[in-house]
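Predicted model, so just to flag it, every value in this text is computed and none were measured. Only heavy atoms go into these numbers, but all of them, side chains included; no hydrogens, no water, no symmetry mates.
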Amino acid sequence: MKNSSENTLVPVLRISFPHEDRLGRGKMELLEHIRETGSISAGGRAMDMSYRRAWLLVSEMNRMFKHPVVESQRGGQKGGGAALTAFGEELLARFRQMERTILTTLADDLAWLESNRVIDGTEPTA
């Protein structure tokens, strides 16, 4: 019997920078939501995250790199908004490519782990 997708092994990419900065799937998901909604607050809400938390994560990413990841615009007729910069788009694309590379590279090892693991606390019978 095949396991559901939520019960399969998944490698998780997290890149640790000096000074405790990290880049991982949560920040990348936030960037995707910001791109879709045009808003930091709406991007955060899509992840059940406060505006403050989303803003802090965006600020952290903007601080981590030579180029801004997200640019925001205050107020105005449309009430402001936010967008990924060209650098932010490339960062997101490269991170997602790194995730695909990990999955491809580790496919055989993940299959081996999957075939040898205990599922739901029950050991296979011999």
Side-chain angles (χ1 to χ4, degrees):
M1 184 168 129
K2 284 273 190 198
N3 296 327
S4 69
S5 62
E6 59 190 45
N7 199 23
T8 59
L9 302 176
V10 178
V12 176
L13 175 61
R14 184 180 79 186
I15 300 171
S16 296
F17 288 66
H19 309 293
E20 298 184 21
D21 288 330
R22 288 184 209 93
L23 194 62
R25 62 186 182 171
K27 287 178 181 163
M28 295 300 105
E29 183 180 346
L30 178 59
L31 292 181
E32 288 171 332
H33 288 299
I34 291 169
R35 181 175 58 197
E36 291 167 10
T37 63
S39 165
I40 294 172
S41 60
R45 276 194 308 272
M47 297 176 68
D48 294 322
M49 181 186 300
S50 71
Y51 171 76
R52 176 173 165 67
R53 178 72 178 142
W55 187 89
L56 288 172
L57 291 174
V58 167
S59 179
E60 183 179 327
M61 284 186 282
N62 281 342
R63 183 180 43 77
M64 290 169 62
F65 298 101
K66 293 178 182 179
H67 307 284
V69 176
V70 174
E71 289 181 337
S72 59
Q73 181 181 19
R74 290 183 180 212
Q77 289 180 326
K78 297 182 182 180
L84 272 59
T85 62
F87 176 80
E89 290 285 355
E90 185 170 352
L91 173 66
L92 180 57
R94 285 177 178 264
F95 189 90
R96 293 303 187 209
Q97 180 58 51
M98 286 186 267
E99 289 178 317
R100 288 188 295 274
T101 299
I102 287 171
L103 282 173
T104 302
T105 303
L106 296 179
D108 289 342
D109 295 315
L110 290 170
W112 181 85
L113 287 171
E114 185 68 44
S115 70
N116 286 288
R117 74 182 180 113
V118 173
I119 301 171
D120 297 329
T122 59
E123 292 188 39
T125 56

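- In this structure, Phe65 and Phe17 have perpendicular ring planes: the angle between them is above 60°, well past the 30° mark.
- Side-chain contact between Arg45 and His33: absent, with no pair of heavy atoms (C-beta onward) separated by less than 4.5 Å.
- Shortest non-hydrogen contact noted between Ala54 and Gly44 is CB-CA, 3.9 Å.
- Within the model, atoms CG of Leu31 and CE of Met61 stand 4.0 Å from one another, a figure rounded to the nearest 0.5 Å.
- Across all non-hydrogen atoms, the minimal contact from Phe95 to Leu23 is CE1-O, 3.9 Å.
- Few gaps surround CG on Asn116; more than 12 heavy atoms of other groups in view lie less than 6.0 Å from it.
- With sequence neighbours excluded, the residues forming a side chain to side chain donor-acceptor pair (under 3.5 Å) with Arg96 are Glu32, Glu99, listed by chain and number.
- A donor-acceptor pair under 3.5 Å is absent between the side-chain atoms of Asn62 and the main chain of Pro68, judged by distance alone.
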task = Go through the steps to decide whether Val58 and Lys27 satisfy the test side chain to side chain contact (heavy atoms under 4.5 Å, CB included), and finish with yes or no.
result = CA-CA 8 Å; Val58 167; Lys27 287 178 181 163; over 6 Å; no

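- Taken to the nearest 0.5 Å, the CD atom of Glu60 stands 10.5 Å off from the CD atom of Glu20.
- One distance of note links CG of Leu92 with CZ of Phe87; it measures 11.5 Å at 0.5 Å rounding.
- The minimum heavy-atom distance linking Leu110 with Leu9 is given by the pair O-CD1, 4.0 Å.
- Leu57 CG to Arg22 CZ: the interatomic distance, rounded to the nearest 0.5 Å, is 11.5 Å.
- One distance of note links CG of Leu30 with CZ of Arg25; it measures 14.5 Å at 0.5 Å rounding.
- The backbone N or O of Trp112 sits less than 3.5 Å from a side-chain atom of Ser115, completing a donor-acceptor pair.
- In this structure, the separation between NE2 on His67 and CD on Glu90 is 9.5 Å, given to the nearest 0.5 Å.
- Under a hydrophobic-cluster definition in which Ile, Leu, Val, Met, Phe, Trp and Tyr are linked whenever side-chain heavy atoms come within less than 4.5 Å, directly or via other members, Val12 and Leu103 are assigned to different clusters.
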request  = For the pair Ser39 and Ser41, evaluate side-chain hydrogen bond (donor to acceptor under 3.5 Å, both in side chains) and give the outcome as yes or no after the intermediate values.
outcome  = CA-CA 5 Å; Ser39 165; Ser41 60; 3.0 Å; yes

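- The two residues Leu106 and Pro11 make their nearest non-hydrogen contact at CD1-CB, 4.3 Å.
- Thr104 places a side-chain N or O within donor-acceptor distance of the main-chain N or O of Arg100, the cut-off being under 3.5 Å.
- The shortest side-chain heavy-atom distance between Leu84 and Glu71 does not fall under the 4.5 Å cut-off.
- Side-chain contact between Arg63 and Asp21 is present, with at least one heavy-atom pair separated by less than 4.5 Å.
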message = Would Ile40 and Ser72 count as a side chain to side chain contact (heavy atoms under 4.5 Å, CB included) here? Give the steps.
response = CA-CA 8 Å; Ile40 294 172; Ser72 59; 4.3 Å; yes

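- Contact detail for Val70 and Ala82: the closest heavy-atom pair is CG1-CB, 4.0 Å.
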